[in-house]
Amino acid sequence: MPDAVLREAPDRLETAQLVLRRFCPGDLDDLERLCRSPAVERYFGYGVPYGREGAVRLLGWYLGHWEMRGYGVYAVQRREDAAFVGLCGLIWPERNAYCGPDEFYPELTWALGEEWRGRGYAAEAAQAVLDMAFTELGYPVILCLIEQENTASLRAAERLGAEKLRALEVKGYPNFVLRFLPGGAPAASASKDAS
Amino acid sequence: MNATRIPKAPATIETARLLLRGFVPEDTETMLGFFNDPAMMSFLADGKVPSREFALRRLSLYAGHVNMRGYGNYAVTLKATGQVIGWCGLLWMERAIYSAEEQAPEFSWGIGRDWWGQGLAGEAGRAVLEVSFATLGFSHLLCLVANENKASLGVARKLGGEALRELTYSEQACTLLRFLPAESAL
């Protein structure tokens, strides 16, 4: 069973502007702040207020995901001052159950605080995670599930080389399943080797 | 409670017949069976059949919770055979359905139906309560039980839980119970 394999990802990735590090218990307050941003409530919580409870659930799951699978979601920090700017990483999500047998791969997930958008942080973090997933973890495919009305994230994913596979409804919301392949990004400028 | 004071629960708890230990990925199939039993999972009654991924996500949460809080849910195993027969422990999810004064870890358990009627839920529950008050030092614990789930309400009362109030959760009428350290219940 592909998901039974423990794949050890590095605890830390570095890019030109960012440090990605494994989540730790002390990140709860920062994660809560992120969970209260409207886009995260909308797209992570499907419009249901996320807040403290959402952050607890998310952090508990992220920490355990690392323990049980050896890879997971990173806290993303700005390199210059270690400010918490968001999250980015890989999850083996519940919703993969809806996907076909040839689609059983981890999903890329990311979210940035409102004030950190428009600086290329999301793309830089995501590219580093994708490179690591293909080269170090050896996955041939990484999936991504994005709501159809989330045009900003769809654009970001496509700029990173994702191709739309098909439409999928999740909790009543139309989504696209997208796929990343190794070497898929046309201009992979920022990677963890960039340092 | 702040992050600098993380209480530390024992990794395992032993009782006469049971060994409570942390969850490992290999427990997924067994736990999925339990999660699919409506009698053990009152709050999944929204027509969703828990998938293997649901079980994995939940076990990840259990493992991550121990890391985050220093305590959590245990896999309840039979000492004689090593078999996993359910779960028992604490989760503090800071759920918005509770007031600030009520906020406390929730005590919960589930024992597979093959092992009902032997007092095993009570045995695991008593051990967890003792650790919660004596070792972890909690002033109180919460316990949310669907009113339909008479067996669990019975166990909760026998373990010293007192009804605080009724509430609707996951579209079900529930009782919120509170557990206090034995000495303050006197």
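Reminder, nothing fancy here: chain letters follow the sequence lines and each chain counts from 1.
Minimum interatomic distance between A:V56 and B:M68 (heavy atoms only, all atoms of both residues): O-CE, 3.6 Å. Minimum interatomic distance between B:S60 and A:H65 (heavy atoms only, all atoms of both residues): CB-N, 3.8 Å.
Hydrophobic cluster membership differs between B:Y62 and B:L19, with clusters built from Ile, Leu, Val, Met, Phe, Trp and Tyr side chains linked at under 4.5 angstrom. Cluster annotation: B:V84 and B:L32 are assigned to distinct hydrophobic clusters (Ile/Leu/Val/Met/Phe/Trp/Tyr, side-chain heavy-atom contacts under 4.5 Å, transitive). A single hydrophobic cluster is seen to contain both A:L181 and A:L154, as judged by linkage of ILVMFWY side chains at heavy-atom distances under 4.5 Å, directly or through other members. A:Y50 and B:L91 end up in the same hydrophobic cluster when Ile, Leu, Val, Met, Phe, Trp and Tyr side chains are linked at under 4.5 Å.
The distance from atom CZ of B:R57 to atom CE of A:M68, rounded to the nearest 0.5 Å, is 14.0 Å. If you take CZ on A:R52 and CD on B:Q103, they are separated by 9.5 Å, rounding to the nearest 0.5 Å.
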(request) Start with the C-alpha distance between B:R69 and A:L28, add both sets of side-chain angles, then the distance that settles side-chain contact (heavy atoms from CB on, under 4.5 Å), and finish with yes or no. (result) CA-CA 11 Å; B:R69 304 286 200 197; A:L28 187 53; 4.1 Å; yes

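With a 4.5 angstrom heavy-atom cutoff, B:L59 touches chain A via backbone and side-chain atoms both.
In this view, B:E102 and B:R165 satisfy the salt bridge (charged side-chain N to carboxylate O under 4.0 Å, His left out) rule, not counting sequence neighbours. The salt bridge (charged side-chain N to carboxylate O under 4.0 Å, His left out) search around A:R33 returns A:D30, not counting sequence neighbours.
Contact check for B:I97 versus A:E53: no side-chain heavy atoms found under the 4.5 Å cut-off.
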